[in-house]
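Some notes on the structure that comes next.
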There are 2 protein chains.
Amino acid sequence: MTDINFKDRSSGPLAAAAEPPAEPGAATPRWDIIELLFFAYRDFVGDADHVLEAFGFGRAHHRVIHFVHRYPGLKVADLLDVLRITKQSLGRVLKQLLDEAYIVQKAGDSDRRQRLLFATAKGEALVAKLAGLQTDRINRALAGFAPGEAEAVGRFLRGMIDRDDPDKVLEIILQADGASAKDRR
Amino acid sequence: MTDINFKDRSSGPLAAAAEPPAEPGAATPRWDIIELLFFAYRDFVGDADHVLEAFGFGRAHHRVIHFVHRYPGLKVADLLDVLRITKQSLGRVLKQLLDEAYIVQKAGDSDRRQRLLFATAKGEALVAKLAGLQTDRINRALAGFAPGEAEAVGRFLRGMIDRDDPDKVLEIILQADGASAKDRR
DNA sequence: CAGATATGTCAATATGACTGACATAAACTT
DNA sequence: AAGTTTATGTCAGTCATATTGACATATCTG
């Protein structure tokens, strides 16, 4: 198959390089976590990619419909904050989702300039399908975890997120930190 | 600031929707983990993005130079497997990194068609800089974690990765599962 | 009414991905 | 030795998603 002997990781061409931190004072790189995050996220979003392709959608559509479904009445401006893209970028994707009736707009109550976004039944079904695949993966990964271990995973992920300028949606998510667990359902 | 009262999460327009699973038998969606993964990964790669911009590079360059640095002597074909892109896509990015001397090629020993890839000192410095930022974030997130909790985080991330067709690099990373921790340095 | 704000849209551009086709050199097969 | 396969590189065209800049419209606020 190949001439590379993977058992002999210390001398084979593909052995992971083990090295001390370059600068004194710098922390030893967490190569393990860095690479695991890369592969885990790649496969995590890969679940959804296959389904989306059948719908003629991409990841951008998934992100939009997901957050609209999860936070009904989300304003366009909020969505731009969360996704960190420009309104021109959002425009095309959002227009498709509106045209194909995955999302509907409603003028704001107190401010009629606002376009509040809501997922239709069609949109909710798509989100549920995608979230189901990802949930299955998460549940498989967490199978056999003690309650404290599963809790540590959530705490780690929260700790990885920037706190400096949380947008509105992120604020809601991070509020669960101090609150009791049941608040998050 | 805004008319939305975030404290009143059960009635405000931006309250996260709480709902039962759509289909009987389907697992309750792990909205929390799904969204935390999104934000955590967004900020995790964001660290590197800023630095890369100053070099005129993108995320694609980071992925290439990272894996070349970590697995010296990586073949072009291995890189394609890991990154799951076509050789045409890799071509442009790899050419830039070669032209600007972040990477060098060496003909394979036993098979001279192969172009084994190695990071130069310049390339290693860039990778170290980027990994340093990400390591700082990881260490902040893991601060105060008990050994078992930190271990659970790694176990979770490994569990999120597809096992069916691991490429060569992934095999090396996943080998650490059964092996002792020191094997991973 | 004047100005600011929320949204939408047109145009041009960049990045990073894709498919398909073809070229070269080296290895393997018969 | 000839023929086939493999590893890599490259040309050409396309697509999805992002960007900046400019401008239009409706609506809110002072």
Side-chain angles (χ1 to χ4, degrees), chain A residues 1-4 13 42 45-46 48-50 52-65 68 73-99 103-117 167-168, chain B residues 1-4 13-14 42 45-46 48-50 52-53 55-65 68 73-99 103-117 167-168:
Chain A
M1 196 169 195
T2 167
D3 54 332
I4 293 173
R42 180 187 72 172
V45 298
D49 285 345
H50 306 303
L52 288 162
E53 204 178 358
F55 284 76
F57 290 151
R59 282 182 199 174
H61 301 86
H62 185 192
R63 294 195 289 262
V64 170
I65 187 70
V68 168
L74 202 64
K75 290 187 302 175
V76 169
D78 294 331
L79 204 42
L80 294 177
D81 277 352
V82 174
L83 304 181
R84 297 215 181 142
I85 58 175
T86 57
K87 64 178 170 178
Q88 293 91 332
S89 293
L90 177 61
R92 181 182 46 87
V93 170
L94 186 55
K95 194 168 188 309
Q96 272 182 273
L97 291 169
L98 287 165
D99 287 348
I103 287 178
V104 288
Q105 286 180 327
K106 229 188 70 177
D109 225 29
S110 55
D111 185 339
R112 295 208 320 259
R113 288 172 306 180
Q114 296 175 348
R115 298 302 146 87
L116 307 187
L117 304 171
D167 50 65
K168 294 164 186 178
Chain B
M1 196 173 188
T2 169
D3 53 332
I4 294 175
L14 265 195
R42 180 187 72 173
V45 297
D49 285 346
H50 306 303
L52 288 162
E53 205 177 359
F55 284 76
F57 290 151
R59 283 182 197 174
H61 301 84
H62 184 193
R63 293 195 288 262
V64 170
I65 186 71
V68 168
L74 203 62
K75 290 187 301 176
V76 169
D78 294 331
L79 203 41
L80 294 178
D81 276 352
V82 174
L83 303 181
R84 296 212 182 146
I85 58 176
T86 57
K87 64 179 170 177
Q88 294 90 332
S89 294
L90 177 60
R92 183 178 45 85
V93 170
L94 186 54
K95 195 169 187 309
Q96 270 182 274
L97 291 169
L98 288 165
D99 287 349
I103 287 178
V104 289
Q105 287 179 325
K106 227 188 73 178
D109 225 29
S110 55
D111 186 339
R112 295 207 322 259
R113 288 172 307 179
Q114 297 174 346
R115 299 302 146 86
L116 308 186
L117 304 171
D167 50 65
K168 294 164 185 179

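Below, chains carry the letters A, B, ... as their sequence lines are ordered, and counting in each starts from 1. Because only heavy atoms are used, hydrogens play no part in the values below, and waters and symmetry mates are left out as well, while side chains stay in.
- Within the 3.5 Å criterion, the main-chain N or O of G108(A) finds no donor-acceptor partner in the side chain of R113(A).
- Between the P atom of dC18(C) and the CZ atom of R84(B) lies a distance of 12 Å, rounded to the nearest Å.
- Rounded to whole Å, the distance from NZ on K106(B) to P on dT8(D) is 15 Å.
- Nearest-nucleotide positions on DNA chain D for R112(A) and L90(A) put L90(A) closer to the 5' end.
- Following rounding to the nearest Å, D49(A) (CG) and dT17(D) (C1') show an atom-to-atom distance of 13 Å.
- Between the R115(B) side chain and the V104(B) main chain, no donor and acceptor come within less than 3.5 Å of each other.
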From CA spacing to verdict: side chain to side chain contact (heavy atoms under 4.5 Å, CB included), D49(B), R59(B): CA-CA 7 Å; D49(B) 285 346; R59(B) 283 182 197 174; 2.9 Å; yes
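- One atom, CG of L97(B), and another, P of dG16(C), lie 10 Å apart when rounded to the nearest Å.
- Considering CD1 of I103(B) and CG of L79(B), their distance stands at 7.5 Å, rounded to 0.5 Å.
- Expressed to the nearest 0.5 Å, how far NZ of K168(A) lies from NZ of K75(A) amounts to 4.0 Å.
- dA6(C) atom P lies 11 Å from atom CG of L80(A), rounded to whole Å.
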Measure all distances between protein nitrogen or oxygen atoms and nitrogen or oxygen atoms of nucleotides 9-12 of chain D, and list the pairs falling under 3.5 Å.
from   : atom 1 : to      : atom 2 : distance (Å)
dG9(D) : OP1    : Q105(B) : NE2    : 2.7
dG9(D) : N7     : K87(B)  : NZ     : 3.2
dG9(D) : O6     : K87(B)  : NZ     : 2.2

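- Rounded to the nearest 0.5 Å, atoms CG (L98(A)) and CG (L117(A)) are 7.0 Å apart.
- Within the 4.5 Å cutoff, the side chain of V64(B) has heavy atoms near those of the L97(B) side chain.
- Atom CG of D111(A) is separated from atom C1' of dT7(C) by 11 Å (rounded to the nearest Å).
- Listed pair S89(A) / dT19(D) meets the phosphate criterion, a side-chain N or O lying under 4.0 Å from OP1 or OP2.
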Got a list of side-chain donor-acceptor pairs under 3.5 Å for residues 83-96 of chain B, not counting sequence neighbours?
from   : atom 1 : to     : atom 2 : distance (Å)
T86(B) : OG1    : S89(B) : N      : 3.4
T86(B) : OG1    : S89(B) : OG     : 3.2
K95(B) : NZ     : D99(B) : OD2    : 3.4
Q96(B) : OE1    : H61(B) : NE2    : 3.0

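- For the pair Q114(B) CD and dA7(D) C1', the computed distance is 8 Å after rounding to whole Å.
- The stretch residues 55-64 of chain A touches DNA chain D through G58(A), R59(A), A60(A), H61(A), R63(A), each having a heavy atom within less than 4.0 Å of the strand.
- With hydrogens and angles ignored, the 3.5 Å screen pairs no side-chain donor or acceptor of H62(B) with any backbone N or O of G58(B).
- Remark: the R113(A) side chain and the dT5(C) base include a donor-acceptor N/O pair separated by less than 3.5 Å.
- Distances shown here put every side-chain N or O of T86(A) at or beyond 4.0 Å from the OP1 or OP2 atom of dA18(D).
- One atom, CG of L52(B), and another, C1' of dA18(D), lie 16 Å apart when rounded to the nearest Å.
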